[in-house]
Amino acid sequence: MTVCCYCIAILGINMLVPKRNTEEAIQLLKQTINSIKADEDVFVAILKKQPFYETGDCDSIIRFGNSNSKLQLTILSNPYCNPCAVMHKNIEALLTKVNNGISVQYILSSFNEKSNSTNRYLIAACLSDNTAFTRQIFKDWFEKGKELKDDYFKKLSLNMNNPKIEIEFLKHESWKDKTQIRATPTVLVNGYQLPENYKIEDLRYFTDLDL
């Protein structure tokens, strides 16, 4: 059904091409496809065909936005991954656009054990219980901090002796072992992998998603 909607839209535009110039036809095609993508029934139908992974509040303390939202995003992210930095910027833009009306949960990954110290620093920042502080650290890290590596955290005077850091770190490792997801960034929407033909900014249409 969903594929049919896209096909009908494309065929309809192709019929209009002789009557309109190419630029106008392309613009109309974009508007039509965006309208279809913004339809919640279409999105849910596509979403439910994607791989599903168990997610929950206890998977990570790294959470931004509204934890009670119907739309629950889980992001597997690597602090040194450039696409992850782009994804974080897009997540920040999405949270701003929806007035923090969705829930975003981060699970941290790494390229190797040597990089795990950075994950522990980011977890330590989250244990401050200051969401604004944590969010700013994540923003700064992905924008300019990762070039400095762990030196970035020295000025923050984080309590790295907090035993909760290792407990949280192991939770992230356990989640990765359980799901066997390795690619970063990976975006899950209420446990379902975000379809390839949707971008993170498209989720602004589905803040009241009912699955």
Report task. Kindly determine whether F52 and E54 satisfy side-chain contact (heavy atoms from CB on, under 4.5 Å), including the steps that lead there. Result -> CA-CA 7 Å; F52 177 80; E54 291 291 341; 3.7 Å; yes
Worked verdict on S128 versus T134 for side-chain contact (heavy atoms from CB on, under 4.5 Å) | CA-CA 8 Å; S128 68; T134 302; 3.8 Å; yes
Would Y152 and Y121 count as a ring pair (Phe, Tyr, Trp, His ring centres under 6.0 Å) here? Give the steps. CA-CA 10 Å; Y152 165 80; Y121 274 114; 9.3 Å; no
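Under a 4.0 Å N-O distance rule, the pair E201/K97 does not qualify as a salt bridge. Residues D140 and K89 are not paired through a salt bridge, judged by the lack of any N-O separation under 4.0 Å between the basic side chain and the carboxylate.
A donor-acceptor contact shorter than 3.5 Å is absent between the side chain of R135 and the backbone of R63. Under a 3.5 Å cut-off, the side chain of Q180 and the backbone N or O of D177 do form a donor-acceptor pair. Counting only distance, with no hydrogens or angles, the side chain of N190 and the backbone of Q72 share a donor-acceptor pair below 3.5 Å. Formation of a donor-acceptor pair under 3.5 Å by the S103 side chain with backbone atoms of S69 is not found in this model. Side chain of N99 to main chain of G101: no donor-acceptor pair is present (N/O by atom type, distance under 3.5 Å, no hydrogens or angles). With D202 contributing its side chain and K37 its backbone, the two residues share no donor-acceptor pair below 3.5 Å.
Tested against R120 for a salt bridge (Lys or Arg N to Asp or Glu O under 4.0 Å), the candidates E168, E166, E173 yield a single pass: E166. Considering N116, I62, D59, I61 in turn, I62 is the only one that fulfils the side chain to side chain contact (heavy atoms under 4.5 Å, CB included) rule with H172.
For E40, there are no salt bridge (charged side-chain N to carboxylate O under 4.0 Å, His left out) partners at least two apart in sequence or on another chain.
Residue E196 qualifies as open at atom CD: its count of foreign heavy atoms under 6.0 Å is 12 or below.
Ring pair F153/W141 is parallel by interplanar angle, where below 30° counts as parallel and above 60° as perpendicular.
D150 and T118 share a donor-acceptor pair across their side chains, judged by distance under 3.5 Å alone. N112 and S115 are linked by a side-chain donor-acceptor pair at a separation below 3.5 angstrom, with hydrogens and angles left out of the test. Under 3.5 Å, the side chains of N82 and K146 contain a donor-acceptor pair of N or O atoms.
Ring to ring, F43 and Y198 are close: their centroids are under 6.0 angstrom apart.
Applying the 4.5 Å side-chain rule to ILVMFWY residues, one finds Y53, L76, I107, W175, I181 in the same cluster as L188.
Closest approach of Q105 and G56 over heavy atoms only: OE1-O, 3.0 Å.
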